[in-house]
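Notes to accompany the following structure.
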Amino acid sequence: MKGAGELMSSDANASSLFDGQLAGAALRGCLDGGCIEKLLLHCATALEANDATLVQQVMWVLNNIASPNGDPNQRLTAWLLRALVARAARLCPTLTAAGGPAASCARRMSVTDLVGYLDLTPWHRFGFTASNGAILKAVQGKKQSVVHVLDFGVYYCTQWPTLIDALAKRPEGPPPLLRVTVPSARPPVTPYLNLSTEEIGLRLANFAKSRSVPFEFNVVEYSHSDGGGFPEQLASCLSALELREDEAVVVNCQSWMRYLPEEGSCLTKDTFLELIHRVNPCVVTVSDEDADLDSPRLSSRIMACFNYLWIPFDALETFLPKESEQRMEYEGDIGEKIERIVSFHGAEVVESGERFSGRMARAGFAGVVFEDEVVAEVKAVLEEHASGWGMKREEDMLVLTWKGHNSVFTSSWAPTGFSHRNQIST
């Protein structure tokens, strides 16, 4: 990794490395996942113990393994090492701070670039496709003439052209009015787009018009007087939502829940779900990464990151050259995520589908099984990608897999115990 050796103080002498074995193995080409995992665990454990000498020693060995242009394990290790060095700089005065990941946070994509970014792997389309299928089923036969989607996601409404097209083709007759409402509050994470939210709405409206689907697009602004970060801004948006009695409400959460805190804020994961339950939506669709990356221990977070985030690095290896700029930008976004997780300061709490299902049940939601027709549509999406991608059912969820390992879950929920709708109030 460029500059990693320079991040350690000059007194970290290679000749003093710990009792010989791991250093020698690294220089002889110890690139297998087991060896790297042990080294990362040594480093994280030393950081937890505030053992500056051992931290420097293990980082020196990792620096001889990591490479942003190497195989998937080397590339992932390069980003993990950079995140560890940045964290170590706060604890060990003999280390200087690492530079941030590649300047992905400054990159603003065109719509075409964003679509290409999302289509690199089925990581995102998997959830889009399953959720749209669940939404179509939930509104089928509803007496309401309006479908109102509350869209909580970070992918700029790229899910909705497919839904609009499906509504235009449904056999029940003329399509309903589709209202899409998005909050102006958004987590400060990649990808970034070079269009305003209002311009996105105009493009969606033009597409809907071309399909003869009545369409409205609304942006709910947060009150700047409320101050605070993303949770506070989102709470302000929720309090300003306008719902009507004659509409079927749909709540869609794509890679969203992870950015809500567990506690310490006016809007936590659980209070968000309580507010959503209050509007009695006909369906709530949720897709997110199927991993637990929120351990209070650094060593556990590092191990979870290594054993989960190898998936996108390995998948990209199957079809993009090592020097591909597109690949490096995509990996840079993953590297930024790693830094947030390792630093413990980033507002990103990733929890597995199993844990999230328990959270939904406690909030008063019941799982809705995906129908066979939806499953077939999802399988068709996977067939457009590498053969390593697969899908399985777990309880009421669908789970995207890579070489048999869980990567993304998607789920569909309906509230229990409500017969009427209340306006959201925070």
Side-chain angles (χ1 to χ4, degrees), residues 1 36 40 44 66 68 72-87 98-109 114 117-118 120-124 126-127 152-156 186-193 229-231 253-262 269 287-317 320 326-353 355-356 400 402 405-409:
M1 184 169 120
I36 295 174
L40 289 167
N73 276 340
Q74 290 177 294
R75 298 167 87 102
L76 173 57
T77 302
W79 287 108
L80 286 166
L81 177 57
R82 177 167 290 190
L84 283 166
V85 170
R87 183 178 173 89
S104 58
C105 59
R107 187 174 87 258
R108 292 195 172 270
M109 299 182 182
L114 177 63
Y117 177 94
L118 296 177
L120 273 179
T121 73
W123 200 272
H124 310 288
F126 173 79
F152 301 102
V154 297
Y155 300 118
Y156 306 99
R186 182 185 184 277
V189 295
T190 55
Y192 296 109
L193 197 63
F230 165 66
C253 300
Q254 300 288 328
S255 302
W256 184 263
M257 294 299 300
R258 73 179 88 151
Y259 299 113
L260 292 173
E262 291 280 0
K269 292 179 188 293
S287 302
D288 218 318
E289 296 176 338
D290 195 15
D292 292 313
L293 305 180
D294 61 338
S295 171
R297 294 191 58 196
L298 175 63
S299 54
S300 297
R301 286 199 182 198
I302 288 292
M303 291 300 94
C305 278
F306 184 75
N307 288 304
Y308 174 67
L309 290 175
W310 71 272
I311 293 173
F313 283 87
D314 192 59
L316 293 174
E317 175 84 358
L320 287 178
Q326 188 179 31
R327 176 177 177 178
M328 290 183 175
E329 289 178 345
Y330 196 98
E331 291 175 346
D333 290 345
I334 302 170
E336 183 180 316
K337 173 189 183 70
I338 289 170
E339 286 214 337
R340 290 194 299 270
I341 293 170
V342 172
S343 72
F344 281 67
H345 290 318
E348 186 162 1
V349 183
V350 181
E351 62 182 354
S352 64
R355 276 177 59 194
F356 184 76
L400 176 68
W402 172 252
H405 297 270
N406 290 17
S407 57
V408 175
F409 74 87

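Quantities reported herein were computed from a predicted structural model and do not represent experimental measurements. Counting from 1, the numbers follow the sequence of the chain as shown. FYI, side chains are in, hydrogens and waters are out, and symmetry mates aren't considered; it's all heavy atoms of this structure.
- Shown are W123, Y192, Y330, Y155; of these, the ring pair (Phe, Tyr, Trp, His ring centres under 6.0 Å) with Y117 is made only by Y330.
- When side chains are defined from C-beta on, P312 does not count as touching T121, because their heavy atoms never get closer than 4.5 Å.
- Nearest heavy-atom pair across L76 and C305 is CD2-O, 4.5 Å.
- With sequence neighbours excluded, no residue satisfies salt bridge (charged side-chain N to carboxylate O under 4.0 Å, His left out) with R186.
- The minimum heavy-atom distance between P68 and A78, with the atom names listed, is N-CB, 4.0 Å.
- Nearest heavy atom pair, residue F313 against residue I334, reads CE1-CG2, 3.7 Å.
- Of the possible donor and acceptor atoms, none in the side chain of Y259 sits under 3.5 Å from a partner among the backbone N and O of S255.
- Side-chain contact between M109 and E329 is absent, with no heavy-atom pair separated by less than 4.5 Å.
- With sequence neighbours left out, D314 forms a side-chain hydrogen bond (donor to acceptor under 3.5 Å, both in side chains) with W402, K403.
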| message | Is there a salt bridge (Lys or Arg N to Asp or Glu O under 4.0 Å) between E262 and K269? Walk through the geometry before answering. | response | CA-CA 6 Å; E262 291 280 0; K269 292 179 188 293; 5.3 Å; no
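- Annotation: side-chain hydrogen bond (donor to acceptor under 3.5 Å, both in side chains) contacts of H405 (sequence neighbours excluded): none.
- With rounding to the nearest 0.5 Å, the separation of CG in L260 from CZ in F230 is 5.5 Å.
- Distance check: I341 CD1 to I302 CD1 gives 9.0 Å after rounding to the nearest 0.5 Å.
- Under the side chain to side chain contact (heavy atoms under 4.5 Å, CB included) criterion, N307 pairs with E37, M303, sequence neighbours left out.
- The side-chain hydrogen bond (donor to acceptor under 3.5 Å, both in side chains) search around W256 returns none, not counting sequence neighbours.
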Between R87 and E339, does a salt bridge (Lys or Arg N to Asp or Glu O under 4.0 Å) hold up when you go through it step by step?
CA-CA 9 Å; R87 183 178 173 89; E339 286 214 337; over 6 Å; no
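- Rounded to the nearest 0.5 Å, atoms CG (N73) and CD (E317) are 10.0 Å apart.
- Proximity of a side-chain donor or acceptor of T190 to a complementary backbone N or O of D333 within less than 3.5 Å is not detected.
- Under a 3.5 Å cut-off, the side chain of D292 and the backbone N or O of E351 do not form any donor-acceptor pair.
- Take V350 and apply the side chain to side chain contact (heavy atoms under 4.5 Å, CB included) test, not counting sequence neighbours, and it matches R258, E289, L293, K337, E348.
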_Quick one, L120 with L320, criterion side chain to side chain contact (heavy atoms under 4.5 Å, CB included). Give me CA distance, side-chain angles, the key distance, then yes/no._
CA-CA 10 Å; L120 273 179; L320 287 178; 4.1 Å; yes
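- Nearest heavy atom pair, residue S352 against residue F409, reads C-CE2, 4.0 Å.
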Practice task
Decide yes or no on salt bridge (Lys or Arg N to Asp or Glu O under 4.0 Å) for D294 and R355, but give the supporting numbers first.
Solution key: CA-CA 12 Å; D294 61 338; R355 276 177 59 194; 2.9 Å; yes
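- By the 4.5 Å heavy-atom criterion applied to side chains, V408 and D290 are not counted as neighbours.
- In this view, F306 satisfies the ring pair (Phe, Tyr, Trp, His ring centres under 6.0 Å) rule with no residue, not counting sequence neighbours.
- Remark: the S299 side chain and the R297 side chain contain an N/O donor-acceptor pair separated by less than 3.5 Å.
- Taking both residues in full, the closest heavy atoms of I311 and N406 are given as CD1-O, 3.4 Å, listed atom of the first, atom of the second, then distance.
- L114 is listed as a side-chain neighbour of P191, based on a closest heavy-atom distance under 4.5 Å.
- Taking the ring pair (Phe, Tyr, Trp, His ring centres under 6.0 Å) definition, one finds that Y156 meets it with nothing, sequence neighbours left out.
- A donor-acceptor contact shorter than 3.5 Å is absent between the side chain of R301 and the backbone of V342.
- A distance of 5.5 Å separates CG in L40 from CG in L80, rounded to the nearest 0.5 Å.
- A search for side-chain hydrogen bond (donor to acceptor under 3.5 Å, both in side chains) contacts involving Q326 returns nothing, not counting sequence neighbours.
- Here the closest non-hydrogen pair linking P261 and P231 is CD-CG, 3.7 Å.
- Side-chain atoms of Q74 and T77, non-hydrogen and from C-beta on, never get closer than 4.5 Å to each other.
- With a 4.5 Å cut-off on side-chain heavy atoms, E331 and L316 count as touching.
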Full working for side chain to side chain contact (heavy atoms under 4.5 Å, CB included) between H124 and Q254: CA-CA 8 Å; H124 310 288; Q254 300 288 328; over 6 Å; no
